[in-house]
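On a predicted model such as this, the values are computed, not experimentally measured, just so you know. In what follows, chains carry the letters A, B, and so on, assigned in the order in which the sequence lines appear, proteins first and then strands, with residues in each chain numbered from 1.
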Amino acid sequence: MLDITLIREQPDFVRDELAKKGYAVDFSVFLERDAKRRQLIYETERLKAEKNQTSAQIPQLKKSGQDVAPLLARMKEINETIKSGDEQISHLNTVQKAFLDALPNLPADDVLPGGKENNQVVRSVGKRPEFSFQPQHHVDLCERLGLIDYKSGARLGGSGFWVYRKLGAQLEWALLNYFIEEHLKDGYEMILPPHILTWQCGYTAGQFPKFADDVFQLRQDDGESFSQFILPTAETALVNLHRDEILSADQLPLKYFAFTPCYRKEAGSYRAEERGMIRGHQFNKIEMFQYVLPGQADQALQELVDKASRLVENLGLHFQVSKLAAGDCSASMRRTYDIEVWIPSMNDYKEVSSASDAGDYQARRGNIRYRDPASQKPGFVHTLNASGLATSRIFPAIIEQFQMADGRIAIPDVLQKWMGGIKWLEA
RNA sequence: GGAGAUGUAGCGAAGCUGGCCGUAACGCGCCGCACUCGAAAUGCGGUUGUCCAGAAAUGGGCACGUGGGUUCGAAUCCCACCGUCUCCGCCA
């Protein structure tokens, strides 16, 4: 949600900023409607004030035995005008809100306009592994070593699911343990949220109403509407933890992390090169989240990027960090860094973490505020989130980057303590 | 799933035979001041959010879980929904 005052006062600025995201908008109708709406509010509220005054007079006149009939007649008249005014205002509010809800966040000053093609690699860690043999695809390696059972996954959940087995399941759990341990060390509070969330949660996060079709919805008995859905990321839960609250400034920043599977429809997005666990309907992820004062956002984003990077780096994987152009940031976000790990079989880098600053966009939607110590007035907090990390790309990266000529796979040092001390995945 | 209770400020709680009740009794907490060498105790004062108009001072509207209804007038009466609690049933 953008600040309506900003649109009123600098519509051309907002239009130009949104254009950087590839979002074309014309505010002329909106502004006209806004002026009309405020005029109606002004007129209707004046009548309401008269109504309140008159209403207070009636019992007094009655007490002194005077005739209240003329006042009652006037009240009837006022009430009709108020009712009609309120109806018009309510309609305009609905229209205006729908318009505002659809507007994406403005990009930060330092974010380049345009789409993917303008993403910038800002950091590269490690080197692409060079193999003295023909490297195998993670699907083949995982099946040979019995780590992942794709056939059973399809039997159980349909296309786009898999089953972790034996050392595969243990490796997955080791990754999660490793991430959790690191976040606890850094003082983040661990959260295990519900996986089913209410519609309002999706709204606050900025996913609804526009992207409601991307999630698995739980239909009501009428088969039409839905009021709950299965979360596509723990961010959706964490951003709602303090919805409708006024936090005290000295509580901030609040730092959380949550583990949940992420459930996504991914309708129509299958591509041949994404076979394996690159893009499934369910994957495990640990999500970091911060609520901060507006002035703390830059530092917080840097912290999240650094934390996510360190996790990948300490696994020994080759990866890069990209700063996304405005159009590649998701709707709610003003600035995003992606951490992308090298997947040899794809000859490409795939996102394992997306670290984003939402500014006050989500806080406005969720009415999440803090009390400013100086002015004592409430203001909107800023929210930031970053994966830390999603396993479904890290897992294949480990399998592929650390494969040996003899088919064995080296287990990263940091994971070994959760793998019973073994150093190799082998048949 | 069945029965009952309940939802009022940061917390507890009164009001619920409709107008004198919404900044909202009373208590706790918090802030300021006084007393004090300092503190405790005590005393006095303050302490919701949002929207509209206005340069501002200020004036006004709205909000008693949410949404409707009755009424000149609703925290109060009626209806629906949501949350919480207790008991019963079922169940990992």
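Comparing the P positions of B:G10 and B:U50 gives a spacing of 12 Å, expressed to the nearest Å. Using atom C1' as the reference point in both B:C33 and B:C16, the two lie 39 Å apart (nearest Å). B:U8 and B:G27: their C1' atoms are spaced 16 Å apart (whole Å). Taking atom P on both nucleotides, B:A40 is separated from B:A56 by 41 Å, rounded to a whole Å. Taking the C1' atoms as reference points, B:A24 lies 15 Å from B:G12, given to the whole Å. Separation of the P atoms belonging to B:U76 and B:G19 is 11 Å when rounded to the nearest angstrom. Spacing of P atoms, B:U6 relative to B:C79, comes out at 15 Å, to the nearest Å. Between B:A13 and B:G22, the distance separating the two C1' atoms is 15 Å to the nearest Å.
Note on A:R8: only backbone sugar-phosphate atoms sit closer than 4.0 angstrom, heavy atoms only; bases stay farther off.
For B:C90, there is no paired nucleotide, since no Watson-Crick or G-U wobble pair has both relevant distances below 3.5 Å. The partner of B:U42 is B:A34, judged by Watson-Crick or G-U wobble contacts that both fall below 3.5 Å. Base pairing of B:G29: its partner is B:U47, meeting the Watson-Crick or G-U wobble criterion (both donor-acceptor distances under 3.5 Å). Here B:G73 sits opposite no nucleotide as a Watson-Crick or G-U wobble pair (both hydrogen-bonding atom distances under 3.5 Å). Across all strands shown, B:C16 forms no Watson-Crick or G-U wobble pair with both distances under 3.5 Å. Pairing for B:G59 is with B:C52, a Watson-Crick or G-U wobble pair whose two hydrogen-bonding atom distances lie under 3.5 Å. Using the Watson-Crick or G-U wobble rule with both distances under 3.5 Å, B:U84 pairs with B:A5.
Between the CG atom of A:D244 and the C1' atom of B:G10 there is a distance of 16 Å, rounded to whole Å. Between the CG atom of A:L92 and the P atom of B:C51 there is a distance of 18 Å, rounded to whole Å. If you measure from atom OH of A:Y42 to atom P of B:G61, you get 13 Å, rounded to the nearest angstrom. Taking atom CG on A:L100 and atom C1' on B:C51, their separation rounds to 15 Å, with Å as the unit. Between the CG atom of A:D250 and the C1' atom of B:C31 there is a distance of 14 Å, given to the nearest Å. Look at CD1 on A:I58: it is 17 Å from P on B:G18, rounded to the nearest Å. B:G60 atom P lies 22 Å from atom CG of A:L40, rounded to whole Å. Atom pair A:N93:CG and B:C62:C1' shows a separation of 12 Å (rounding to whole Å applied).
A:N240 and A:T204 form a side-chain donor-acceptor contact under 3.5 Å, judged by distance and modelled atom types alone. Between the side chains of A:E43 and A:Q39, at least one donor N or O lies within less than 3.5 Å of an accepting N or O.
Of the two residues contacting RNA chain B, namely A:P378 and A:R38, the nearest-nucleotide position lying further toward the 5' end is that of A:P378. Across the interface with RNA chain B, nearest-nucleotide mapping of A:Q53 and A:R371 shows A:R371 to be the residue nearer the 5′ end.
Considering only side-chain N and O atoms, A:R369 lies under 4.0 angstrom from the phosphate OP1 or OP2 of B:U50. Within the 4.0 Å cut-off from OP1 or OP2 of B:G19, not a single side-chain nitrogen or oxygen of A:N52 is found.
A side chain to side chain donor-acceptor pair (under 3.5 Å) with A:Q362 is found for one member of A:E235, A:R243, A:H382 and no other, namely A:E235.
Comparing atom distances between the A:A49 side chain and each of B:G60, B:G73, B:C52 picks out B:G60 as nearest. Comparing B:G49, B:C52, B:G73 against the side chain of A:I246 picks out B:G49 as the nearest.
No salt bridge links A:E80 with A:K83; every basic N to acidic carboxylate O contact stays at or beyond 4.0 Å. We find that A:R38 and A:D34 are joined by a salt bridge, their nearest charged nitrogen and carboxylate oxygen being less than 4.0 Å apart.
Annotation: A:F179 is not in aromatic contact with A:F257 [ring centroid separation under 6.0 Å not met]. Taking the six-membered ring wherever Trp is involved, the centroid distance between the rings of A:F216 and A:Y263 does not fall below 6.0 Å.
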